[in-house]
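Note sheet for the following structure.
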Amino acid sequence: MTTPSWDAAYAASTPPPWDLGRPQPAFVRLAGEGLLTGQVLDVGCGTGEQTLLAASSGADALGVDVSPLAVKQARGKAAARGVPAAAGGQIGSARFEVADALSLEDLGLTFDTVIDSGLFHVFNDDDRARYVASLASVLRPGGHLYLMCFSNRQPGEFGPRRVSQDELQAAFGAGWTILGIQADTFASNPGLFPATTALAWLANIARSPL
């Protein structure tokens, strides 16, 4: 996952398929259930819609992405919407930093909740294990990871790698408890698929207490 390739997606004349200009409906539902509060980390935040959603729900939210251009655009959105960027526990704040999802321990922070909207499925097998270990380094014991990834139920082979429930179960083994995996859908901009939705899994995964 190299920075130039992701920057190119955000520099194009049309937004990438995942950059809707609004949060994914699945995370809107989670916010409505009061699950995106406290100190929230949005990993692979892109232009920040899920981060800003968490902030609007009262969270102290941090969005991180490997693409400097995506982070710049996310900061612009936050400023345009009047969302404060204060850190350190301020209710209803959002800030954005460039960071590698495989080295989240470098942030030197821990969180109550982590959001992953469409990142897990970009990793190969080796990086998938590194990513799970990276998540474990920042999610507090008892905290929750809400992860939405491409589903193996999605027809065809074009687009992101498909993920099965068994693969999620295998990836989050010792140190984790999978509380639920439910069928859901990604909303998508036109162009990647004939429809503007794609089949997904939404997983609720807890970090095991120490």
Side-chain angles (χ1 to χ4, degrees), residues 1 3 6 9-10 15-16 18-81 83-123 131-132 134-140 143-150 160 184 186-187 200 202-207:
M1 186 171 64
T3 299
W6 292 105
Y10 293 104
W18 60 87
D19 190 15
L20 301 175
R22 64 184 189 279
Q24 286 287 340
F27 288 94
V28 174
R29 294 197 306 272
L30 293 175
E33 294 168 9
L35 299 176
L36 304 185
T37 57
Q39 292 180 303
V40 174
L41 175 65
D42 180 8
V43 187
C45 67
T47 63
E49 291 294 344
Q50 272 68 238
T51 314
L52 294 169
L53 170 68
S56 73
S57 301
D60 172 24
L62 171 63
V64 298
D65 202 281
V66 74
S67 165
L69 184 55
V71 168
K72 179 180 179 180
Q73 292 175 6
R75 289 172 176 166
K77 282 184 182 180
R81 298 178 191 180
V83 180
Q90 178 170 323
I91 294 173
S93 65
R95 60 194 177 94
F96 298 92
E97 301 292 343
V98 177
D100 185 347
L102 301 180
S103 301
L104 294 172
E105 64 275 9
D106 292 345
L107 295 172
L109 299 168
T110 58
F111 300 86
D112 303 304
T113 302
V114 176
I115 296 169
D116 174 343
S117 178
L119 182 60
F120 179 83
H121 59 228
V122 308
F123 295 118
Y131 178 53
V132 172
S134 180
L135 291 171
S137 73
V138 293
L139 185 59
R140 293 169 184 151
H144 288 253
L145 166 67
Y146 297 104
L147 182 157
M148 194 159 76
C149 64
F150 230 66
D184 217 302
F186 277 114
L202 178 62
N204 175 2
I205 306 170
R207 189 80 177 101

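Keep in mind that this is a model prediction, so the values were computed, not measured.
- Residues D116 and V114 are not in side-chain contact: their nearest non-hydrogen atoms beyond the backbone lie 4.5 Å or more apart.
- A donor-acceptor pair is defined here as one N or O able to donate and one able to accept, closer than 3.5 Å; such a pair exists between the side chain of D65 and the backbone of G46.
- Between S57 and T37, the closest heavy-atom pair is O-CG2, 3.7 Å.
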Evaluation steps, side chain to side chain contact (heavy atoms under 4.5 Å, CB included), between F27 and D42: CA-CA 11 Å; F27 288 94; D42 180 8; over 6 Å; no
Quick one, Y146 with N204, criterion side chain to side chain contact (heavy atoms under 4.5 Å, CB included). Give me CA distance, side-chain angles, the key distance, then yes/no. CA-CA 5 Å; Y146 297 104; N204 175 2; 3.6 Å; yes
Go through L107 and L41 one step at a time and tell me if the side chain to side chain contact (heavy atoms under 4.5 Å, CB included) criterion holds. CA-CA 11 Å; L107 295 172; L41 175 65; 4.3 Å; yes
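- Note: F150 and H121 have perpendicular aromatic rings, judged against thresholds of 30 and 60 degrees for the angle between ring planes.
- Going from atom CG of D106 over to atom OG of S137 covers 8.5 Å, rounded to the nearest 0.5 Å.
- Annotation for F111 and L139: closest pair O-CD1, 3.5 Å, computed over non-hydrogen atoms.
- Of all non-hydrogen atoms in L104 and V138, the two that sit nearest each other are O-CG1, 3.4 Å.
- Pairing each heavy atom of A101 with each of Y131, the nearest pair is O-CD1, 3.6 Å.
- Annotation: side chain of L35 is not in contact with side chain of H144 (no heavy-atom distance under 4.5 Å).
- Nearest approach of S117 to Q24, heavy atoms of both residues: OG-CG, 3.6 Å.
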Evaluation steps, side chain to side chain contact (heavy atoms under 4.5 Å, CB included), between R81 and L52: CA-CA 9 Å; R81 298 178 191 180; L52 294 169; 3.5 Å; yes
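- Here OG1 of T47 is found 2.5 Å from NZ of K77. Values are rounded to the nearest 0.5 Å.
- Residues D112 and R140 form a side-chain contact, since some pair of their non-hydrogen atoms from C-beta on lies under 4.5 Å apart.
- Taken from CZ in F120 to CG in L145, the straight-line distance is 9.5 Å, to the nearest 0.5 Å.
- Nearest heavy atom pair, residue T110 against residue Q39, reads O-OE1, 4.1 Å.
- Distance check, rounded to the nearest 0.5 Å: OG1 of T113 to CZ of R207 gives 14.5 Å.
- If you run side chain to side chain contact (heavy atoms under 4.5 Å, CB included) between L53 and each of I115, L30, L36, only L36 comes through.
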